[in-house]
Amino acid sequence: MKRHLISAADLTRDDAVLILDTAEEMARVADRPIKKLPTLRGRTVVNLFFEDSTRTRISFEAAAKRLSADVINFSAKGSSVSKGESLKDTALTLEAMGADAVVIRHHGSGAPHRLATSGWIGGSVVNAGDGTHEHPTQALLDAFTMRRRLAGGEGDLSGRRITIVGDVLHSRVARSNVHLLSTLGAEVTLVAPPTLVPVGVGSWPCEVSYDLDAVLSKSDAVMMLRVQSERMNAAFFPTEREYARRYGLDGQRMARMPEHAVVMHPGPMNRGMEITAEVADSPRCTVVEQVANGVSIRMAVLYLLLGGAEPAVSGSHPASMSTESTETAARTEEND
Amino acid sequence: MDSSSRGAETGRPVLEAPDIARVLTRIAHEIVERAKGADDVVLLGIPTRGVFLAGRLADKLAEITGRPVPHGSLDITMYRDDLRLGPARALARTEIPADGVDGRLVILVDDVLFSGRTIRAALDALGDIGRPRAVQLAVLVDRGHRELPIRADYVGKNLPTSLRETVKVQLTEEDGRDGVMLGAAAAGEATVGRHAERHAER
């Protein structure tokens, strides 16, 4: 994961567990009278949003503010982008303003990667969702929620069976989750109509099934994905009703899940489509919890990327720095 | 890589297990004396070893006063002044007793008092958690070389050191044995050792 968080696939197991552990401590700040830490004072975080978002932008903004960073919100609507400014020129503007981190959401898959590798900016790049590619912080908060509900909030998710259901083809959440959850040791099964399974899924570290009922009874967590009609330019299934009947989660299906299993949804939900209101409002559904956990996860990511002189996540030290960083690790040991 | 092994090899024991037990008993009695019964005392240990010391002190205080004494931990990582000198650090647990710290006498507990920067950070962290009636500091070893106007209220042992020396506290809960070792940094790494130690304490 270098200086940036572009893809969940870049994270090692230790990186992922470190982020989850850090988020666990960050979550405790929310219970305090003063919900603020001085750690990122004087650092600037830019939220660069080329695509609509409520949850993710607010979540990143709250996370950065709780760490005392200065936050600049940039949305493509009402900015120079609507006058035709390119990503490069926007990036150069942000660099000139001294952004230490850029949180980017973009409709084009690969835009955050371009921003991170082009040399346009010097700060860290955090992918907040690019096209149909990845959404790593969502996967992290999902893993965090599962770890709390299923694994007592510690360690990894080894041996847990997680089913991801729905529009996998258009879902960056699904792709990030498959990578991250398998890194954390979970067994992931994708369930979708054949038309909504992406090409090349054979190389993903997961199983694929077309039969929801067959896998429900042996799932520890079921993640329902939103049917992304706005990205659909063709008929992927006959009717919405048929989709809901075969791939939607209703009360009857939920009753067949194991007692401890939870229902997750990255939001926004289409009630009546992939999930019924009965399921969405049940105590087994973690949607609201996921949003709350999102702030803690994003605080952890921002802290680990920006909190030190160099990121705390592995693979990030250039060779020349490695001796010194080992040294610093020793100091930490010694101190306590 | 672990510094404890290095300390164990080169160190000279300053306090052994029975000494540490005696020192903690004495500090507990001092706390009761100075706090006139220790009714409103809350002990907060600074991770990692301060937390264990706070737990042991709480047990001793409970023995003396016959009442349970609330104790917890206070992680100072996010308040350090040297965060930007190294990679981002892993966080430790902050555990504040249920009744909080408002209006109480908070005693911070740490293993070694050195530059004083850790305590400065702890005071900042404490300020975000509540408003104690007063804050005091108990340390197992004071090795001098303060860089800030901070002093301890309860000291286990004053240990005059040179900046080249290392002080290593070992506690059963973390290291499998109790002891305080004073070691000289090897000649070759003298400078490095000093820097390391000074950062270590912050």
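Letters A, B, ... are given to chains in the order of the sequence lines, protein chains preceding strands, and every chain is numbered from 1. The structure displayed is predicted, hence computed values, not measured ones.
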Quick one: pull up CZ in B:R89 and OG1 in A:T22 and give me the separation to the nearest 0.5 Å. 13.5 Å

Would you give the length of the straight line joining atom CZ of A:R28 to atom CG of B:L91, rounded to the nearest 0.5 angstrom? 11.5 Å

Might you point out which heavy atoms bring B:D128 and A:I34 nearest each other, and give the distance in Å? O-CB, 3.5 Å

Heavy atoms only: give me the nearest A:L37-B:M78 pair and the separation to one decimal. CD1-CE, 3.2 Å

Do A:E24 and B:R93 meet the salt-bridge criterion of a basic N to acidic O distance under 4.0 Å? no

Looking only at heavy atoms, which of residues 134-152 of chain A get nearer than 4.5 Å to chain B? none

Pick from A:R43, A:R41, A:K35: which one has the most heavy-atom pairs with chain B under 4.5 Å? A:R43

Go through the structure and list residues passing side-chain contact (heavy atoms from CB on, under 4.5 Å) with B:V51, not counting sequence neighbours. B:P47, B:S73

For atom CD of A:E154, is the number of surrounding heavy atoms from other residues, nucleotides or ligands below 6.0 Å larger than 12? no

Which atoms form the tightest heavy-atom contact between A:Y303 and B:A88, and what is the distance? O-CB, 3.7 Å

Mind ranking B:D124, B:T77, B:L83, B:V169 by heavy-atom pairs under 4.5 Å with chain A and telling me who comes out on top? B:L83

Minimum heavy-atom distance between B:A92 and A:E25, given as atom pair plus value: O-OE1, 3.5 Å

